[in-house]
Engineer: 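Provided herewith is a single structure, encoded as structure tokens, for subsequent inquiry.
The figures here come from the full heavy-atom set of this structure, side chains too, leaving out hydrogens, waters and symmetry mates.
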Amino acid sequence: MNVVDPDGMPLRPPRRALRPGRRLLRALPTPLGTPFTFFYALVLLATAIYTDYGDEATVSHLLRESSTDAAHLAEQPLVVLLASALWIAGGLYSLYGILFVLVVSALERRTGGARTAGVFLLGHVLATLATELPVAGAVAAGRLPEASLHRLDYGISFGVMACIGALSGLLGPRAKWTVLGLSFLMCAQDLVEFADPLASWGHPIALLTGMACWGLVRDKGPAAASAADGAVPGPLRAPREAGQGAPAGAPQQRLRGRAAGRGVREEAGEDGRAELAGDGGGQPEAARDVVRVEHELRHAHGGEAGRVGVAPRVPGAVPRARPADGGGQQRRRDADALQPGR
């Protein structure tokens with residue numbers, strides 16, 4: 001049975017509350033809805049399984065080669081920046097692996113894969129450079145030993161923290177400050193423990209980087225979109241040809257004044273009405289025909305011809321004005337054809 005409102009429109013049934021299990025399934029990435037998160041998560045899952053169950057010597061060698069330490073950044077920065085983001089510090093049981101699936105997929109559903117990937121890489125790169133470059137400077141100044149240049153540094157935690165900061169800007173006020181409060185508490189705990197100095201400072205830097213991307217991940221409003229499209233063009237007017245009378249709706253006096261300027265003048269007739277007369281080789285008869293044709297075009301069948309593409313007020317065929325052919329014979333035949341009953 002369909003339920004309708006008083007206006008006769010069908011009412012949609014209220015949505016049922018989703019169970020916690022279904023909510024969790026909907027939060028997981030999908031290949032069509034969130035392709036960036038889905039395929040990236042498959043790569044991370046494969047590397048995490050290999051980290052936990054692969055050969056220890058091979059895993060250690062791969063992690064060393066993928067480390068974004070100061071020495072590798074000086075030799076091949078692009079390679080290690082990308083390679084270090086293919087591993088999860090802690091393997092399958094890392095908290096950042098779970099946060100990646102939930103946070104990055106939620107951000108991609110709201111902003112798209114391109115902007116999500118941009119936020120992730122921006123946080124990963126900026127936080128890495130902000131923590132490793134000071135180490136290189138301290139080693140060069142003699143404040144740190146040379147072994148600090150080869151410190152093991154890899155993982156996705158910086159990119160995940162940047163996505164958390166960007167996602168918080170798309171939530172409501174209560175959810176936004178709740179997410180940011182918990183995130184800053186995690187960063188503060190790392191700074192208090194200070195077990196890993198570089199990661200402890202890199203996480204708040206990445207979080208602030210994601211917050212700085214609020215203007216990039218938010219969509220434009222309708223007012224800004226319409227303003228960006230530019231002004232609306234004005235209405236089109238009917239084109240005018242050389243020698244053609246004034247367009248429909250123009251005052252009759254303008255046409256007469258223009259015809260009089262071409263060797264034709266107005267004189268008082270026998271009945272007191274103004275008539276066109278030649279003035280030094282002018283063509284009063286041709287000018288009268290032009291005025292007559294224009295008059296018939298305006299008042300054909302009691303209506304008035306409108307602009308191009310606009311139907312006349314009263315149904316009926318509206319003839320097209322032909323360009324001047326240099327004589328009055330063709331214009332007289334056109335004018336006679338417009339008379340009613342012919």
Engineer: If you take all heavy atoms of S84 and T68, which pair is closest and at what distance?
Structural biologist: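 In this case the closest contact between S84 and T68 is OG-CG2, 3.1 Å.
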Engineer: Any luck finding a side-chain donor-acceptor pair between T111 and T116 under 3.5 Å?
Structural biologist: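 Distance-only check passes for T111 and T116.
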Engineer: Does one hydrophobic cluster hold both L73 and L149, with members joined at side-chain heavy-atom distances below 4.5 Å?
Structural biologist: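 In one cluster: no.
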Engineer: Please confirm whether the backbone N or O of E56 pairs with a side-chain atom of S60, one donor and one acceptor, at under 3.5 Å?
Structural biologist: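 No.
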Engineer: How about H61: does its NE2 atom have over 12 heavy atoms from other parts shown lying under 6.0 Å from it?
Structural biologist: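 Result for NE2/H61: open.
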Engineer: Look at the side chain of T47 and the backbone N and O of L86, then say whether any donor-acceptor pair between them is shorter than 3.5 Å.
Structural biologist: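 Side chain of T47 to backbone of L86, a donor-acceptor pair under 3.5 Å: yes, one is there.
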Engineer: Measure across S148 and V135 and return the closest heavy-atom pair with its distance rounded to 0.1 Å.
Structural biologist: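 Scanning both residues, the minimum pair turns out to be O-CG1, 3.8 Å.
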Engineer: Check the hydrophobic clustering (I, L, V, M, F, W, Y; side-chain heavy atoms under 4.5 Å; chains of links allowed) and say if L121 and L208 are grouped together.
Structural biologist: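 Yes: a chain of side-chain contacts under 4.5 Å links L121 to L208.
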Engineer: Does any N or O in the side chain of T34 come within less than 3.5 Å of the main-chain N or O of R109, such that one atom is a donor and the other an acceptor?
Structural biologist: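 No; zero donor-acceptor contacts below 3.5 Å.
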Engineer: Please evaluate residues Y96 and H203 with respect to the criterion ring-ring contact (aromatic ring centres under 6.0 Å, His included), reporting the C-alpha separation (whole Å), side-chain torsions for both, the decisive distance (0.1 Å), and the verdict.
Structural biologist: CA-CA 12 Å; Y96 287 101; H203 290 157; 5.4 Å; yes
Engineer: Between V43, L44, L62, which is the residue that forms a side-chain contact (heavy atoms from CB on, under 4.5 Å) with W87?
Structural biologist: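 For W87, the side-chain contact (heavy atoms from CB on, under 4.5 Å) check succeeds only for L62.
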Engineer: For residues 33-53, which residue pairs pass the ring-ring contact (aromatic ring centres under 6.0 Å, His included) check, not counting sequence neighbours?
Structural biologist: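 ring-ring contact (aromatic ring centres under 6.0 Å, His included) check on residues 33-53 returns F36-Y40, Y40-F100, Y40-F120.
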Engineer: Look only at the side chain of S94 and the backbone of G91, and say whether a donor-acceptor pair between them is shorter than 3.5 Å.
Structural biologist: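 No; zero donor-acceptor contacts below 3.5 Å.
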Engineer: Please check if L99 and V217 belong to a single hydrophobic cluster, counting links between Ile, Leu, Val, Met, Phe, Trp and Tyr side chain heavy atoms closer than 4.5 Å.
Structural biologist: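 Yes; tracing contacts between hydrophobic side chains, which count when under 4.5 Å, links both residues.
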Engineer: Should L63 and V80 be counted in the same cluster of Ile, Leu, Val, Met, Phe, Trp and Tyr side chains packed under 4.5 Å apart?
Structural biologist: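 No: no chain of side-chain contacts under 4.5 Å links L63 to V80.
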Engineer: Got a sec, which residues hit side-chain hydrogen bond (donor to acceptor under 3.5 Å, both in side chains) with S67, two or more places apart in sequence or on another chain?
Structural biologist: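 Result, side-chain hydrogen bond (donor to acceptor under 3.5 Å, both in side chains) vs S67: D69.
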Engineer: What are the two closest non-hydrogen atoms of I205 and A127, and how far apart are they?
Structural biologist: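 Residues I205 and A127, closest heavy atoms: CG2-CA, 4.1 Å.
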Engineer: List the atom pairs, donor and acceptor, that lie under 3.5 Å between side-chain atoms in residues 158-184 and the rest of the protein, sequence neighbours left out.
Structural biologist:
| unit_1 | atom_1 | unit_2 | atom_2 | d |
| --- | --- | --- | --- | --- |
| S168 | OG | G165 | O | 2.6 |
| T178 | OG1 | R174 | O | 2.7 |
| S183 | OG | V179 | O | 2.8 |

Engineer: Side-chain heavy atoms nearer than 4.5 Å, only ILVMFWY residues, links allowed to pass through others: does that put W201 and L122 together?
Structural biologist: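 No.
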Engineer: Look up atom CE in M186 and atom CG in L191, then write down how far apart they are to the nearest 0.5 Å.
Structural biologist: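 The distance works out to 12.0 Å.
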Engineer: Please report the closest heavy-atom contact between G33 and T30, naming both atoms and the distance.
Structural biologist: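 Heavy atoms only, the tightest pair is N-OG1, 3.0 Å.
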Engineer: Grab the two heavy atoms, one from R64 and one from H72, that are nearest each other, plus how far apart they are.
Structural biologist: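 Nearest pair, atom of R64 first, then H72: O-CE1, 2.8 Å.
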Engineer: Report the C-alpha distance between H124 and I156 in whole Å, list the side-chain angles of each, state the deciding distance to 0.1 Å, and finish with yes or no for side chain to side chain contact (heavy atoms under 4.5 Å, CB included).
Structural biologist: CA-CA 7 Å; H124 175 71; I156 60 171; over 6 Å; no
Engineer: Counting distance only, does the side-chain N/O of R110 pair as donor-acceptor with the main-chain N or O of A106 below 3.5 Å?
Structural biologist: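 Such a contact is found between R110 side chain and A106 backbone.
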Engineer: Keeping E108 on the side-chain end and T37 on the backbone end, is there a donor-acceptor pair under 3.5 Å?
Structural biologist: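 Pair found, side chain donor or acceptor close to backbone of T37.
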Engineer: With side chain to side chain contact (heavy atoms under 4.5 Å, CB included) as the test, would you mind laying out the steps for L45 and L92 before giving the verdict?
Structural biologist: CA-CA 7 Å; L45 179 61; L92 289 173; 3.7 Å; yes
Engineer: How far does CG of L129 sit from CD of E132, to the nearest 0.5 angstrom?
Structural biologist: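 One gets 9.0 Å once the value is rounded to the nearest 0.5 Å.
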Engineer: Taking everything shown except W214 itself, do over 12 heavy atoms lie less than 6.0 Å from its CH2?
Structural biologist: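 Buried by this count: over 12 neighbours within 6.0 Å.
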